[in-house]
Amino acid sequence: MSWLPLSFGAPMVLWGLLALPVIWWLLRLTPPRPQTEVFPPLRILARVLRREETPHQSPWWLTLLRLLMAALVIAALAEPVFNPREKLPAEGSALALVVDNDWASAADWGKRVATAERLIADAGSNGVPVVIAFTAEKPNAEIGPFDASAALDRLRAAKPRPIPTDRPAVYARVAATLERLPGASVAVLADGLAANGDDAAFKTLLEKNAARLVWATSGRISLTGLTGADNQVDGFALTAIRAPGDPAPAQVTAGAFDDKGRRIADATLTFAPGETTATGTMAVPFELRNDFASIALDGEHQAGAVRVLDESSKRRRVGLLSQAEADQAQPLLSPLYYIRRALQPFADLVEPSSADLADAIPQLLDQKPAMIIMADVGTIPEQVRQRLADWVNNGGTLVRFAGSRLAAAGNDDDLLPVRLRSGERALGGALSWTTPQPVTEFPKNGPFADLAPPTEVTVSRQVLAEPTPDIVERTWATLADGTPLVTGMKKDKGTLVLFHVTPEATWSNLPISGSFVEMLRRIVQLSRNQGAAVANAEAAAASLAPYRMIGADGALVPPTPDARPLVPGAGPLPVTLENPPGLYGSETGVFAHNLLNASSTFTPLVRPQISLPVTAVPYAFDESENLKGPLVTLALLLMLLDTLAVLWMGGLLSRRPRRAAATAAAVLIVLGGLFGHTDLARADDSKPGDSQAIEDISKTRIAYVITGEPGVDSISRAGLEGLTRFLVEKTALEPGPPAGVDIAKDELTFYPLIYWPIDATAPMPSEAAIARIDAYMQQGGTVLFDTRDQFSNGIDAGSASPATERLRDILANLNVPPLEPVPSDHVLTKSFFILPEFPGRFNGSPLWVEASLDASNTENRPVRTGDGVSPIMITANDFAGAWAVDENGDPMLPTVPPDPMQRVYALRAGVNIMMYMLTGNYKSDQVHVPVLLERLGQ
């Protein structure tokens with residue numbers, strides 16, 4: 001029975017509403033207990049002749065309350081449901097529920113679970129067993145059939161996996177189970193993406209024993225994946241894909257993260273209208289790109305939007321090789337000296353331990369370098385020449401520098417970018433008509449195109465290239481006379497580069513110029529890492545243990561128990577439950593295993609064309625709401641109100657009129673605060689200044705005395721602001737802004753501490769003002785007097801400064817207790833920081849406080865009257881001057897002597913004073929804890 005948007009599970013119970021008139025009649029005939037009152041004797045005598053009256057019926061409002069309560073109970077028993085949903089076709093001999101729990105389902109997994117829960121609930125209400133299987137789980141996982149309760153437990157225990165689906169294998173297992181349950185309803189909760197073998201899988205699942213198909217998919221595939229992140233010359237080239245069918249343009253933002261999860265770079269990728277691929281470049285410095293550990297798309301909480309990076313995308317490993325013999329004797333003449341200096345900031349340099357090329361070249365190749373630089377290496381030994389050529393063809397970058405050995409070695413078509421003429425060419429000198437040649441503009445087709453030509457570089461000797469039809473295309477740098485300075489060419493996947501001069505400053509001054517560093521840097525950026533170095537071939541073929549995995553939501557997580565070691569190989573490796581995407585290896589080196597590769601696409605899944613009845617349902621949360629619980633709760637509240645009403649009418653609540661009146665007043669105050677328009681609020685008899693008083697006591701604030709001297713008052717305020725900032729940074733106390741007070745008229749009791757800078761030029765306070773200060777100190781407040789004159793030897797010194805004289809005049813009218821310098825065991829020395837002294841802008845004057853009752857007995861120290869806090873403190877060290885900061889937080893006044901730690905100690909002294917002021921005896925007891933514990937132990 002249903003009237004949208006409300007339905008009832010047991011509508012026949014609503015006939016009980018017809019009994020409400022009978023309940024009304026019964027309630028009217030059974031009035032509540034008569035009210036009983038206790039009167040004084042005279043009142044009893046006054047009413048002794050009156051006839052006793054008994055109520056005839058209950059009040060109408062109480063009857064109405066009880067009728068409403070009965071109606072709510074009847075409605076709750078009818079099981080009302082707000083916004084009811086239609087039941088799903090979970091019928092037949094069984095419900096076969098097949099759920100995609102791969103990476104593409106992670107973003108809206110909650111909706112998929114809610115949809116599956118409705119299907120299982122409807123199957124349970126029909127008494128139908130449930131076969132439940134997930135397409136990204138172990139192939140031997142149990143799939144049922146289960147009852148509805150067990151199926152719900154398995155559904156809620158499942159979670160999305162960062163791997164693709166395996167529909168053929170899972171659908172075949174479900175089809176085999178349905179052979180024992182013909183005529184079942186099959187519910188497919190797919191991720192919306194097509195995969196290999198889908199047609200055969202759906203045919204296996206649906207063609208024999210299925211009676212109905214429930215098809216649940218997302219309305220539109222909104223996934224975006226990251227298929228490429230290549231470290232190129234000018235930045236990381238990113239490639240993202242999306243599903244076809246979206247004609248609108250779109251932008252996605254990618255972020256690069258280091259190995260600690262910190263975001264260090266961003267890039268924006270734009271999808272053109274109707275396009276499924278977007279590209280972008282994360283243009284950041286090469287050194288910063290070496291810190292990239294992963295790149296992820298913002299807003300995409302799934303594994304396809306994350307790519308982890310390994311050594312092949314990071315800092316390059318460069319091998320250095322030279323045939324020179326005396327490198328260490330004269331380092332500036334070493335062929336590798338300037339190359340090392342140029343490459344060390346942005347490359348890992350490796351060198352062989354042997355000088356024999358037959359051993360040195362294999363040693364370099366075993367370390368998997370991205371680039372090898374040969375400085376004037378002539379003929380390559382035949383036994384290693386083919387291996388070096390294969391390394392270049394597979395992606396290595398070989399850079400060679402000219403010299404006498406290379407000029408005499410002859411041509412090598414496999415390991416040189418151009419053919420060379422025999423001998424060398426000398427420019428300038430006594431036997432030459434030519435002059436040294438400068439470098440001209442770099443060709444536009446080379447990697448140095450955007451560099452400015454070095455005007456200071458000249459070349460006096462070089463090896464010449466044979467003029468060939470493709471010499472222009474292979475020339476990366478030229479001299480003014482048109483001869484090549486640097487040539488290069490692609491060799492299969494690798495690159496060959498030749499500098500036609502030596503790497504030391506003998507043939508040219510290029511190696512000692514800044515352009516040389518930038519040219520080598522560009523070539524390094526062109527190279528590609530060949531993988532992590534391994535000790536031997538056996539280790540290279542070994543499997544790599546899981547290190548950090550990509551979770552289904554795109555987060556990097558520790559390896560799961562299902563993860564197994566990965567054996568690297570050529571080409572993209574399959575992503576499986578045993579080898580999920582992530583990093584494999586260890587801290588010394590990792591291998592990146594990503595979910596998507598350059599050939600990945602998002603193809604929408606098409607519903608199979610079958611003759612079975614099909615019901616299409618969207619993924620959605622269950623928006624229906626059972627009203628039985630709220631109605632029962634409301635009925636219980638009405639019952640509570642009914643009970644209170646009966647107690648009130650029976651007089652039980654009026655036996656304590658004072659408490660009842662107080663309760664009623666509290667209720668009126670609360671209601672007045674909620675609605676703000678009651679007469680009670682209008683009757684508030686507030687006084688002028690109450691709002692300011694409330695503001696002053698809402699937070700702890702430090703006050704300072706306004707002396708009338710602008711310079712003194714500004715330093716006082718800046719000093720207390722600096723102390724306030726330090727208190728917020730170092731303690732749990734968060735004071736309000738400092739307050740300037742006029743001791744003659746402002747209220748002083750709001751402030752636990754008042755800082756009073758003594759200035760001889762300021763007017764002498766009146767007797768009334770000093771009397772207010774005296775009352776403030778007697779009531780528990782503390783005044784910190786600061787004469788700001790370290791040259792005064794104290795308040796008892798023979799010759800006193802004008803500030804000290806003024807302080808004496810003020811103290812003459814106050815009830816000042818006996819004073820003493822802060823003892824070493826005083827609570828002020830350890831209330832927060834451990835401090836042996838209390839410096840300010842000056843250092844040397846002691847801090848005077850109220851003397852202990854028994855200064856000679858250290859066990860009684862510190863003991864104070866009242867709350868244990870000294871009502872007066874005196875110093876000459878100019879605390880405010882040390883604390884004062886400007887708007888930027890920088891100190892305003894220097895310390896004397898200029899010691900930075902003196903200012904720190906001054907701020908710590910201020911913290912100790914505030915903690916002492918706010919804690920009192922508590923901190924004193926903490927000082928005596930060792931003694932107390934020792935006595936308790938006895």
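To the nearest 0.5 Å, atoms CZ (R419) and CD1 (I471) are separated by 11.5 Å. In this structure, F499 CZ and S508 OG are separated by 10.5 Å, a value rounded to the nearest 0.5 Å. Atoms OG and CZ, from S515 and R521 in turn, are 13.5 Å apart once rounded to the nearest 0.5 Å. With values rounded to the nearest 0.5 angstrom, D390 atom CG is found 9.0 Å from L388 atom CG. Atom CG of D266 sits about 11.0 Å away from atom CD1 of I295, to the nearest 0.5 Å. Between the CD1 atom in I361 and the CD1 atom in I380 there is a gap of 4.5 Å [rounded to 0.5 Å].
A search for side-chain hydrogen bond (donor to acceptor under 3.5 Å, both in side chains) contacts involving N597 returns S599, S600, not counting sequence neighbours. The side chain to side chain contact (heavy atoms under 4.5 Å, CB included) search around A104 returns D102, D191, L193, L223, not counting sequence neighbours. With sequence neighbours left out, D198 forms a salt bridge (Lys or Arg N to Asp or Glu O under 4.0 Å) with R167. A449 is linked by a side chain to side chain contact (heavy atoms under 4.5 Å, CB included) to nothing, counting only residues two or more places apart in sequence or in another chain. N393 meets the side-chain hydrogen bond (donor to acceptor under 3.5 Å, both in side chains) test with no other residue; sequence neighbours excluded. Remark: D310 pairs with no residue by the salt bridge (Lys or Arg N to Asp or Glu O under 4.0 Å) rule, at least two apart or across chains. Judged as a side chain to side chain contact (heavy atoms under 4.5 Å, CB included), and not counting sequence neighbours, the contacts of V350 are R317, L364, Q367. Among residues two or more places apart in sequence or in another chain, the salt bridge (Lys or Arg N to Asp or Glu O under 4.0 Å) test is passed with R387 by D366. Taking the side chain to side chain contact (heavy atoms under 4.5 Å, CB included) definition, one finds that V575 meets it with I163, P164, P581, H593, L595, sequence neighbours left out.
Put simply, the side chain of R316 gets close to the backbone of S527: a donor and an acceptor are under 3.5 Å apart. The closest donor-acceptor contact from the side chain of N594 to the backbone of G582 lies at 3.5 Å or more, if one exists at all. At distances below 3.5 Å, not a single donor-acceptor pair connects side-chain atoms of D230 with backbone N or O atoms of L238. Looking only at distances, no side-chain donor or acceptor of D412 sits under 3.5 Å from a matching main-chain atom of L416. Counting only distance, with no hydrogens or angles, the side chain of R340 and the backbone of L320 share no donor-acceptor pair below 3.5 Å. Between the side chain of R161 and the main chain of G551, no donor-acceptor pair closer than 3.5 Å is present. When atom types are taken as modelled, the side chain of D298 and the backbone of A254 share no donor-acceptor pair closer than 3.5 angstrom. Not a single donor-acceptor pair under 3.5 Å links the side chain of T281 to the backbone N or O of A283. In this structure, Q462 contributes its side chain and P484 its backbone to a donor-acceptor pair below 3.5 Å. Checking side-chain atoms of N509 against main-chain N and O of T458 turns up a donor-acceptor pair under 3.5 Å.
Side-chain contact between P381 and V384 is present, with heavy atoms from C-beta onward closer than 4.5 Å. The side-chain heavy atoms of R474 and N445, taken from C-beta on, include no pair separated by under 4.5 Å. Within the 4.5 Å cutoff, the side chain of L398 has heavy atoms near those of the L415 side chain. A 4.5 Å side-chain heavy-atom check between I339 and F516 finds at least one atom pair inside the cut-off.
Ring-centre distance between Y584 and Y547: not below the 6.0 Å cut-off. Ring pair F257/F292: centre-to-centre distance not below 6.0 Å.
Listed here is the closest heavy atom pair of E504 and Y338: CA-CD1, 4.1 Å. Residues F401 and I373 approach most closely at CE1-CG2, 3.7 Å, considering heavy atoms. Here the closest heavy-atom approach between residue R307 and residue T227 is recorded as NH1-O, 3.4 Å. The minimum heavy-atom distance linking W103 with A303 is given by the pair CB-CB, 4.1 Å. Here the closest heavy-atom approach between residue L336 and residue L321 is recorded as CD2-O, 4.1 Å. Residue P580 comes nearest to M549 through the heavy atom pair CG-SD, 3.7 Å, listed as atom of the first residue, atom of the second, then distance.
Within 6.0 Å of CD on E441 lie no more than 12 heavy atoms contributed by other residues, nucleotides or ligands. Counting heavy-atom neighbours within 6.0 Å of E473 CD, excluding the residue itself, gives a total of 12 or less.
The list of salt bridge (Lys or Arg N to Asp or Glu O under 4.0 Å) pairs with a residue in residues 372-382, not counting sequence neighbours, reads D376-R405. Counting only residues at least two apart or on different chains, no salt bridge (Lys or Arg N to Asp or Glu O under 4.0 Å) pair has a member in residues 581-591. For residues 486-497, every residue pair satisfying the salt bridge (Lys or Arg N to Asp or Glu O under 4.0 Å) rule, not counting sequence neighbours, is listed here: D414-K491.
At a threshold of 4.0 Å, the pair D450-R522 counts as salt-bridged, since one of the basic side-chain nitrogens sits closer than that to a carboxylate oxygen. A salt bridge is absent between D259 and R262: the closest approach of a Lys/Arg side-chain nitrogen to an acidic carboxylate oxygen does not fall below 4.0 angstrom.
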Stepwise side chain to side chain contact (heavy atoms under 4.5 Å, CB included) check, T239 with L226: CA-CA 6 Å; T239 304; L226 197 60; over 6 Å; no

Evaluation steps, side chain to side chain contact (heavy atoms under 4.5 Å, CB included), between T224 and F271: CA-CA 11 Å; T224 305; F271 288 96; 4.0 Å; yes

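Between H500 and the choices T483, T487, T478, the side chain to side chain donor-acceptor pair (under 3.5 Å) rule is met once, by T487.
For the residue pair D356 and S354, no side-chain donor N or O sits within less than 3.5 Å of a side-chain acceptor on the partner. Looking only at atom types and distance, the side chain of D359 has no donor-acceptor partner in the side chain of Q363 under 3.5 Å away.
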